Amino acid sequence: MFKHAGWHIGFGYVIGVLGIIAGLWMVATGEVSAWWLLPWPFVHHFNTMIVSAGLHRYFTHGAFKTSRFWHVFMAYYSSTLLYGSPYVWAAAHTTHHIHSDTDLDPHEVNWRYLLFKQFRHVPMTLERVKKIAGDKTLDFVHRYWFALWLAFAVPLFLISWKVFLFCYLMPMGTAQAFGVIHQLLSHRREGGARNIPWLEYIFPTGGEWQHKLHHDHPGRPSFRTRWWHLDMGAVFIKAISHK
């Protein structure tokens, strides 16, 4: 049942980073007004909330419950972020928890990941996937994620390439890039996961920099333990969750 295209992992990262470079170049050369940069941080934060609260805490860990609307919305919206379907996320991240910082961990923890974003070819744990499998929305998104992305991206580009670049591609790119930086810095090959909460203010990831806390308590819906900790994913969860 579980199959995924390996190329999708690097595809979103590459086109997102290229979008950031192109957008900043156009603004720096005066080809496009700097006002077009205004939507970037807002869409970026929304993207990271969907990744952190949706793909991570909801679909992978079942840390909270929400309405059918948000279940469907987060599943479909995740296809625009090119992180893989909720099934892919659940399989890879569950495997990461079990085999963290070993040769069986699908996540890389070395600097070549900045240039080549890819899962390691390791056996994936399907325990969580089996629990959420059979959901028609998740099945559809898993099978047709690329078609869903094209159905979103192509019309958006045709409507306005500026909207496509500055309101979609660049925020998607920073969500991808900050995720890579988080993966590299929040784990040490010898020392395991670590908390670096102040980096959330520099590379906002929806709250993911409390990474050791998350590994110790994977079912926690909030990663905040101090008043100054920034966790936009938890804010989003509080707004959409119900018992």
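What you see is a predicted model, and the numbers here were worked out from it, not measured in a lab.
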- Stepwise, does the side-chain contact (heavy atoms from CB on, under 4.5 Å) test hold for I202 with L199? CA-CA 5 Å; I202 302 173; L199 280 178; 3.9 Å; yes
- Check for a donor-acceptor pair, side chain of Q176 on one end and backbone N or O of L81 on the other, with a separation under 3.5 Å. yes
- Message: As a quick check of understanding, evaluate side-chain contact (heavy atoms from CB on, under 4.5 Å) for Y77 and N47, giving each step before the final call.
- Response: CA-CA 9 Å; Y77 191 84; N47 289 346; 2.6 Å; yes
- Item | Neighbour count >12 (heavy atoms, 6.0 Å) for atom CZ, F46 | yes
- Item | Flag, side chain of T102 to backbone of L104, donor-acceptor distance under 3.5 Å | yes
- Quick one: pull up NE2 in H107 and OG1 in T95 and give me the separation to the nearest 0.5 Å. 8.5 Å
- Hphob cluster co-occupancy, V27 + I20, side-chain heavy atoms under 4.5 angstrom: yes
- Query: Would you call I237 and R57 a side-chain contact if the rule is heavy atoms closer than 4.5 Å?
  - Reply: yes
- Test applied, side chain to side chain contact (heavy atoms under 4.5 Å, CB included); reference residue, S78; option that passes from V51, L138, L55: L55
- Short side-chain to backbone donor-acceptor contact, R194 and L185, under 3.5 Å: yes
- d(H93 NE2, H61 NE2) to nearest 0.5 Å is 3.0 Å
- Query: Taking the six-membered ring for Trp, are the ring centroids of W70 and F73 within less than 6.0 Å of each other?
  - Reply: yes
- Taking it one step at a time, do H97 and H214 satisfy side-chain hydrogen bond (donor to acceptor under 3.5 Å, both in side chains)? CA-CA 10 Å; H97 271 262; H214 169 62; 3.0 Å; yes
- For residues F166 and L38, determine if any side-chain heavy atom of one lies less than 4.5 Å from a side-chain heavy atom of the other. no
- Message: Given W36, which partner from the list K162, M26, M170 fulfils the side chain to side chain contact (heavy atoms under 4.5 Å, CB included) test?
- Response: K162
- Message: Before we go on, tell me: are the rings of H71 and F59 under 6.0 Å apart, centre to centre?
- Response: yes
- Query: Are the side chain of Y76 and the backbone of L148 linked by a donor-acceptor contact shorter than 3.5 Å?
  - Reply: no
- Got more than 12 heavy atoms from elsewhere within 6.0 Å of CH2, W228? yes
- Show the numbers, then the answer: is there a side-chain contact (heavy atoms from CB on, under 4.5 Å) between V141 and Y87? CA-CA 9 Å; V141 171; Y87 288 160; over 6 Å; no
- Query: For L126 and A91, which heavy atoms make the closest approach, and how far apart are they?
  - Reply: CD2-CB, 4.0 Å
- ILVMFWY network linking F178 to W198, side-chain heavy atoms under 4.5 angstrom: yes
- Task: Kindly compute the distance separating CG (L169) from CG (L18), expressed to the nearest 0.5 Å.
- Result: 8.0 Å
- Task: Please confirm whether the backbone N or O of I240 pairs with a side-chain atom of T66, one donor and one acceptor, at under 3.5 Å?
- Result: yes
- Note on the structure: Between Y201 and P197, the two heavy atoms sitting closest are CD1-O, 4.2 Å
- Item | Verify same cluster id: F223, W227 (apolar side-chain graph, 4.5 Å) | no
- Which heavy atom in A193 sits nearest to a heavy atom in D101, and how many Å separate them? N-OD2, 3.9 Å
- Aromatic ring proximity, centroids under 6.0 angstrom, Y58 and W89: no
- For F42, does the CZ atom have more than 12 heavy-atom neighbours from other residues, nucleotides or ligands under 6.0 Å away? no
- Minimal heavy-atom distance between H211 and S186, with the atoms involved, is CD2-OG, 3.7 Å
- Would you sort out whether T225 and H229 count as a side-chain hydrogen bond (donor to acceptor under 3.5 Å, both in side chains), showing the intermediate values? CA-CA 7 Å; T225 57; H229 290 168; 3.3 Å; yes
- Task: Locate the shortest heavy-atom distance separating F236 from A53; write the atom from each residue and the value.
- Result: CD2-CB, 3.7 Å
- Query: Should F140 and V88 be regarded as members of a common hydrophobic cluster, given that ILVMFWY residues are connected when their side-chain heavy atoms come within less than 4.5 Å of each other, either directly or indirectly?
  - Reply: no
- Task: Output, in order, the C-alpha distance, side-chain angles, deciding distance and verdict of side-chain contact (heavy atoms from CB on, under 4.5 Å) for E208 and T48.
- Result: CA-CA 9 Å; E208 295 291 317; T48 59; over 6 Å; no
- Check against side-chain hydrogen bond (donor to acceptor under 3.5 Å, both in side chains), H96 and D105: CA-CA 5 Å; H96 164 68; D105 189 343; 3.0 Å; yes
- Just do the side-chain hydrogen bond (donor to acceptor under 3.5 Å, both in side chains) check on T174 and H44 with the steps written out, would you? CA-CA 7 Å; T174 46; H44 167 85; 2.8 Å; yes
- Note on the structure: Closest heavy-atom pair, T205 versus S52, reported as atoms and distance to 0.1 Å, is O-CB, 3.8 Å
- Answer yes if the ring centres of F152 and W149 are under 6.0 angstrom apart, and no otherwise. no
- Query: NZ/K212 to CD1/I196 distance, rounded to the nearest 0.5 angstrom?
  - Reply: 13.0 Å
- Task: Please answer: with hydrophobic residues joined when any side-chain heavy atoms are less than 4.5 Å apart, are M74 and Y144 in the same cluster?
- Result: no
- So with a 6.0 Å cut-off around CZ of R226, is the heavy-atom count from everything else above 12? no
- At what distance, to the nearest 0.5 angstrom, does CG of D231 lie from CH2 of W209? 14.0 Å
- What is the distance from atom CG of L82 to atom OH of Y13, rounded to the nearest 0.5 Å? 14.5 Å
